[in-house]
Amino acid sequence: MKIGFIGLGNMGGPMAANLAAAGHDVTGFDTAAPMPVGVTAADSAEAAVTEVDVVVTMLPNGQILRDVAASIIPAMKQGAVLCDCSTVDVDSAKAVADQARLAGLAALDAPVSGGIGGAQAGTLTFMVGGPDDAFAKVVPLLDIMGQKTVHCGDSGAGQSAKICNNMILGVTMIATCEAFALADKLGLDRQKMFDVVSTSSGSSWSVNTYCPAPGVGPKSPADNNYTPGFAAELMLKDLNLSQQAADSANADTPMGALARQLYHSFVEDEDGRGRDFSAMLPRFTQRNT
Ligand code: NAD
């Protein structure tokens, strides 16, 4: 397939490289990042998308996606699909899909879970919103970049699934960190705490797979001095998006709101920026002493 790829940063770079390595003809554009191996450089976003079957975007936020979409949609050929893999607000995903539809194109929102490691290894999970025929066309590409794809529904459903998942993740990570800090205070050995919780009703991905306590459980960023991994500021971005969505849908999300507030303080006032989101554990242990 001929593919245009826009946004070749930490995530987009290895995703585009994997598509090229699988034999697809990939043309890329980024305002700053270098071209990945096997990807042909275009001079502009518009030049990267003319004559391609599928355009993949992997951009920082909803406003940049809207700007890029406005410039590339008129340059795309009829029948082409715009597949946005960025994490953006639900309203931007829907607006871009509407704009594509008006131009006779199809658009998918297809955000990912799995991080930079998953992008490099081709093991991402994709959650997708948009029409069936566009999904069918793009799914072979998602199968190269990832190991699991769920078609969640209409436009916006992929972003909705992503932010709901990450709201659970942010809340459970904070609960896990405060519980480990409490266990410390109670004199409980961290390994014993893990052995019980990971096989009991308090278990979760945050405990079992990504334990925030160094030297306990499978290897995680805690074992690497909390180098991300998944940076606290990216978790804050996703919690901002889930609260924005909750406001616009009039949904009651008090735990999500509190998680957002705690990650905001952590990133802005408590040296959390650039640290893994599980570094909430030393934050709680330090505050409690
Ligand atoms: P990044 O900042 O490394 O990459 C974004 C790229 O977009 C940069 O290279 C930047 O130069 C480029 N860009 C910005 N404006 C542009 C424009 N107008 N035209 C062309 N290129 C432009 O970010 P990332 O970590 O690759 O994340 C990308 C998206 O994936 C974000 O929406 C993020 O929330 C999401 N995401 C990231 C992770 C992660 O672990 N990094 C995990 C899941 C989802």
Side-chain angles (χ1 to χ4, degrees), residues 4-18 26-36 39 41-49 55-73 75 82-90 92-93 96 108-128 142 145-149 158-167 169-170 173 205 210 220-221 224 226-242 244-245 263 267 273-278:
F5 207 117
I6 299 174
L8 301 161
N10 290 319
M11 296 292 290
M15 290 165 69
N18 284 338
V26 186
T27 304
F29 177 74
D30 191 292
T31 46
M35 275 306 118
V39 177
D43 290 338
S44 66
E46 294 85 338
V49 305
V55 175
V56 183
T57 49
M58 196 50 168
L59 295 162
N61 59 49
Q63 189 55 55
I64 293 175
L65 170 67
R66 285 176 190 246
D67 293 346
V68 168
S71 70
I72 61 174
I73 285 173
L82 172 57
C83 177
D84 176 51
C85 296
S86 328
T87 304
V88 303
D89 56 290
V90 176
S92 290
V96 166
L108 299 170
D109 50 295
V112 304
S113 174
I116 298 166
Q120 290 167 342
T123 57
L124 295 167
T125 295
F126 288 90
M127 37 223 109
V128 187
L142 305 185
M145 297 184 285
Q147 64 183 2
K148 169 89 180 162
T149 296
Q159 297 296 349
S160 300
K162 165 84 185 175
I163 58 178
C164 289
N165 178 75
N166 279 23
M167 188 175 83
L169 176 62
M173 180 54 79
W205 188 87
Y210 208 92
S220 71
N224 192 23
Y226 298 100
T227 303
F230 186 47
E233 58 268 31
L234 287 178
M235 175 50 82
L236 176 59
K237 171 188 171 179
D238 292 355
L239 290 168
N240 279 325
L241 292 176
S242 55
Q244 191 180 333
Y263 272 107
V267 167
R273 188 178 293 279
R275 307 188 80 196
D276 190 74
F277 82 118
S278 62

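Counting convention: from 1, in listed order, for ligands and their atoms alike.
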Asker: Between Pro60 and ligand 1, which part of the residue brings a heavy atom under 4.0 Å of the ligand: side chain, backbone, both or neither?
Answerer: both
Asker: Please report which non-hydrogen protein atom sits nearest to atom 10 (C) of ligand 1, along with the residue it belongs to and the distance in Å to one decimal place.
Answerer: Asp30 OD1, 3.5 Å
Asker: Considering the heavy atoms of Gly9, write down every atom of ligand 1 situated less than 4.0 Å from one of them.
Answerer: 3 (O), 4 (O), 6 (C), 9 (O), 26 (O)
Asker: Could you check atom 28 (C) of ligand 1 against the protein and tell me its nearest heavy-atom contact, residue, atom and distance included?
Answerer: Leu59 O, 3.9 Å
Asker: Which ligand 1 atoms does Ala32 reach within 4.0 Å, using its non-hydrogen atoms?
Answerer: 11 (O)
Asker: Pull out every atom of ligand 1 sitting under 4.0 Å from any heavy atom of Gly115, numbered as shown with elements.
Answerer: 40 (O), 42 (C)
Asker: Go through ligand 1 atom by atom and flag the ones less than 4.0 Å from a non-hydrogen atom of Ile6.
Answerer: 20 (C)
Asker: List ligand 1 atoms under 4.0 Å from Lys237, heavy atoms only on the residue side.
Answerer: 31 (C), 32 (O), 33 (C), 34 (O)
Asker: Hey, which atoms in ligand 1 end up nearer than 4.0 Å to a heavy atom of Ala33?
Answerer: 9 (O)
Asker: Which bit of Asp238 gets closer than 4.0 Å to ligand 1, counting heavy atoms only: side chain, backbone, both or neither?
Answerer: neither
Asker: Ligand 1 versus Asn61, non-hydrogen atoms closer than 4.0 Å: side chain, backbone, both, neither?
Answerer: neither
Asker: Answer with yes or no whether the side chains of Gln63 and Asp67 bring together a donor and an acceptor at under 3.5 Å.
Answerer: yes
Asker: Give a yes/no verdict on whether any heavy atom in Ala45 is under 4.0 Å from an atom of ligand 1.
Answerer: no
Asker: By number and element, which atoms of ligand 1 are closer than 4.0 Å to a non-hydrogen atom of Lys162?
Answerer: 43 (C)
Asker: Regarding atom 1 (P) of ligand 1: of the candidates Thr87, Ile64, Asn10, Asp67, which has the closest heavy atom?
Answerer: Asn10
Asker: Taking only heavy atoms of Ser86, which atoms of ligand 1 are found under 4.0 Å from at least one of them?
Answerer: 32 (O)
